[in-house]
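For reference, the structure is listed below as structure tokens.
Quick note: numbers below take in every heavy atom, side chains included, and nothing from hydrogens, waters or symmetry partners. Proteins get letters first, then strands, A, B, ... in listed order; numbering begins at 1 in each.
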Number of protein chains: 2
Amino acid sequence: MTTARRAILKALENSEDHPDALMLHDRAKEFDPTIAQATVYRTMRLLEQEGLVEKHDFGNGRARYEEAEKEQHDHLINLSTGEIIEFHDTDLEALKIEIAKRLGFDLKDHRLELYGVPKE
Amino acid sequence: MTTARRAILKALENSEDHPDALMLHDRAKEFDPTIAQATVYRTMRLLEQEGLVEKHDFGNGRARYEEAEKEQHDHLINLSTGEIIEFHDTDLEALKIEIAKRLGFDLKDHRLELYGVPKE
DNA sequence: ATAAATATGCGAATGAGTTGCATATGCAGT
DNA sequence: ACTGCATATGCAACTCATTCGCATATTTAT
């Protein structure tokens, strides 16, 4: 547990917005001004492997991260603002498992993103 | 309509396996041996913009393509083999739209991939 | 406190995809 | 078919996110 890692973890805890590696680097600098980009990348990879963090690709070139804790959820991206909204739907979860089963598979993972614009 | 583009289109028609740009380049060489990578990339971008092709990211670094025609479908990736299976589920479609609506959005696009291993 | 193990910073390397530019090609209009 | 011009191509150089090598610094086990 190093200064750099503590800085990254704090930056992550303070972030509610699915930050990317660059944002995390900036935010972590507040707690460890000398932290390097490479360290952020290395640490995020580690955290992801440990299952403490989830990595997402919302299609903007950079990977985005969030703490892996809360109940399973999916994301809706507001195409007008880029805002990311989390949602959870039990029917949807069940349906995903059911579809995989129907195709002869055990569902191990999945990725669902909805892209939408605000109504009217 | 150039030789290079015809080659790429033929390569694409002959491909049932969601090829990436490298695979398409190789396959297009059969019809135009001097075709360049850059041309494949440029053409795929064009085809995607024209809506003739869909670009997917199945999480292996390279974008994968398929002709945009058939009815809307999602993908299940067999984690054991890398094979990509297409499926369509009406309930799922309806549910996605319904969830977006519930959150106050009109669904414009979505991305769903299931990752699974063969049962038992 | 010391040594062995691990993490860091830096800059260089990677790899997918893009781009600048000079040349080649497709496509009118004749 | 022929000329002109717009567009596409090949090539090599470039971008940008991410990774890596390595010498040094920090942790952790002893």
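Distance check, rounded to the nearest 0.5 Å: CD1 of B:Ile99 to CG of B:Leu107 gives 9.5 Å. Put simply, CG on A:Asp106 and CG on B:Leu114 are 12.5 Å apart, with the number rounded to the nearest 0.5 Å.
Here the range on DNA chain D touched by chain A, meaning any atom under 4.0 Å from one of its heavy atoms, is D:dA17 to D:dT28.
Using modelled atom types, one finds no donor on one side chain facing an acceptor on the other under 3.5 Å when comparing B:His73 with B:Glu93. Side-chain contact annotation: B:His75 with B:Glu113, donor-acceptor N/O pair under 3.5 Å absent. Side-chain N/O atoms of A:Glu66 and A:His18 include a donor and acceptor closer than 3.5 Å.
Between B:Phe58 and B:His56, the ring planes are parallel. Angles under 30° get that label, and only those over 60° would be called perpendicular.
Residues passing the side-chain contact (heavy atoms from CB on, under 4.5 Å) test with B:Asp26 are B:Lys29, sequence neighbours excluded.
Between B:Asp89 and B:Lys96 no salt bridge is recorded (no basic side-chain N to carboxylate O distance below 4.0 Å).
Where B:Ala21 and B:Met1 meet DNA chain C, the nucleotide closest to each residue was compared, and B:Ala21 sits on the side nearer the 5' end.
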Any chance you could list the contact pattern along nucleotides 4-16 of chain C? Use B for base contacts, S for sugar-phosphate-only contacts and - for none, protein heavy atoms under 4.0 Å, 5' to 3'. ---SBBB-----S

